[in-house]
Amino acid sequence: MEQNKSLVIDNIDIEIPLFLEAVFQKYSYDFRDYSKAHVKRRLLHRMSVGHFTSISQMQEKVLRDKAFFIDLLEDLSINVTEMFRDPDFYKSFRENVVPTLKTYPFIKIWHAGCSTGEEVYSLAILLKEEGLLDRCQVYATDFNRKVLEIAKHGIYKTQELDKFQRNYIKSGGKEKLSDYYTLKYGSIKFDQALSKQVVFADHNLVTDHVFAEVNLILCRNVLIYFNRELQNKVINLFHESLVHSGHLCLGSKESLRFTQHEHSFVDIDSKQKIFKKKIG
Amino acid sequence: MNKALVIGTSFGGLEALKTIIPALPADFKLPILVVLHIGDNNNDSFVQYLNSTSQLCIKEAEEKDEIKKGYVYFAPPNYHMMVENDETISFSADPKVHHSRPSIDVLFESAAWTYKNRLVGVILTGLNQDGAYGLKAIKDYGGTTLVENPENAVASIMPKAALTKCDVDFVLELNEISNKLIELSAQD
């Protein structure tokens with residue numbers, strides 16, 4: 001029995017890299033440098049839900065069935081988000097980043113890995129309250145087109161509204177969150193004026209390149225899913241995209257350690273993971 | 001020979017850990033990874049407290065940390081903590097499991113993938129069923145499983161759930177656990 005079990009495990013660890021290679025060859029989505037434990041957990045979940053007996057069997061399916069691949073993209077993309085997630089971050093952002101933004105005549109912002117958009121609307125509300133939104137251009141990107149559609153519409157379920165309200169207040173919000181949405185049929189819809197400066201676009205951090213020079217990049221809780229090599233590659237991409245003294249905001253458990261740009265940024269708030277690109 | 005120790009607990013867990021961790025010697029051979037459900041609170045104060053009373057180095061885990069003996073790694077609030085197969089730590093902000101993030105199941109299962117039969121898993125006091133599935137995963141890979149006696153635990157639900165799901169190797173009183181761990185860490 002023990003022997004069998006260890007054989008099965010070994011097979012899975014052979015099958016997963018082959019599966020990811022097949023997905024990349026066929027669909028050009030590259031998950032090969034994602035954290036292995038994360039990918040394994042997600043693929044095992046899909047295997048169990050879809051009643052597959054092995055990853056190899058699932059590989060045969062994914063190569064021949066595009067609809068199945070789309071489901072799989074859902075599994076492998078990171079779609080946990082909320083309004084004003086980590087309120088302390090937004091508070092620090094108001095204090096430490098906004099004053100610099102106010103010195104720019106025009107502000108380009110890249111929100112990378114924006115998922116369903118809750119954090120994009122959060123940022124837009126903050127920028128509006130600081131009188132900056134009208135001179136901002138926000139690029140909100142994700143590789144998952146399905147979540148981008150949701151983000152564009154700005155319609156969310158009310159289930160977590162209480163939490164959103166609490167987060168907004170804790171983040172230093174100046175008005176009432178309800179000033180920014182309308183409640184209808186058990187959903188909230190954010191004021192489209194908030195997203196008029198936002199372009200939602202398909203961009204893959206793993207395979208796509210620099211598309212604009214920006215003053216600020218937010219990419220929170222995306223890098224945790226990447227291995228060191230891929231983290232390094234993406235931080236390079238951010239470094240290249242930022243203007244001198246541009247700000248980079250990462251998730252609270254993310255860092256620049258182990259990347260070649262560890263010393264190319266200054267800590268603005270080391271706890272909230274706000275960095276500023278060094279000049280030169 | 002065992003290579004790592006994982007511990008999962010929720011309600012009453014901090015007190016239980018205060019009994020176990022300070023009783024382990026500085027040369028304890030297994031790195032320790034802990035999931036303690038603490039909601040949105042942070043780990044800072046009890047990491048500091050445990051450090052002041054323990055011979056091991058207690059820290060909140062950081063992403064990509066190498067898992068080394070002499071250290072006790074606590075999962076940060078609001079992230080799942082996982083073990084990668086190169087024996088480093090990774091995080092995920094995936095949905096909650098058993099209303100919990102970090103989840104004991106997620107840590108235990110990923111640790112079992114990496115350490116296979118060289119892993120020791122411990123479930124202590126707690127108020128939900130998180131950890132039962134993970135402990136079974138450890139057992140299925142040939143690892144060693146310990147559960148605090150639910151009769152005397154501060155909260156019995158978590159150890160009971162583990163005993164129901166998994167045919168565990170040892171059911172022990174809280175004050176017996178550290179000695180058993182020392183014994184298991186020394187086994188070849």
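Sequence lines set the chain letters: A, B, ... in the order given, protein chains first and strands last, and positions in each chain run from 1.
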Within the supplied structure, the quantity of interest is the number of heavy atoms (other residues, nucleotides, ligands) at a distance under 6.0 Å from [X] [atom1]; does it exceed 12?
X	atom1	answer
B:K29	NZ	no
A:Q272	CD	yes
B:F11	CZ	no
A:R145	CZ	no
A:K146	NZ	no
B:K18	NZ	yes
A:K273	NZ	yes

With a 4.5 angstrom heavy-atom cut-off, is it the side chain or the backbone of [X] that approaches chain B, or both, or neither?
X	answer
A:T81	neither
A:R85	side chain
A:R228	both

Spacing of CZ belonging to A:R41 relative to CG belonging to B:D105, to within rounding of 0.5 Å |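 Spacing of CZ (A:R41) from CG (B:D105) equals 9.0 Å.
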Listed by residue number, which members of residues 76-103 of chain B have a heavy atom under 4.5 Å from any heavy atom of chain A?
-> B:P76, B:Y79, B:M82, B:V83, B:E84, B:N85, B:S90, B:F91, B:S92, B:A93, B:D94, B:P95, B:V97, B:R101
Hey, which residues of residues 46-74 of chain B are touching chain A, say heavy atoms under 4.5 Å apart?
->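 Expected list: B:E60, B:E62, B:E63, B:K64, B:D65.
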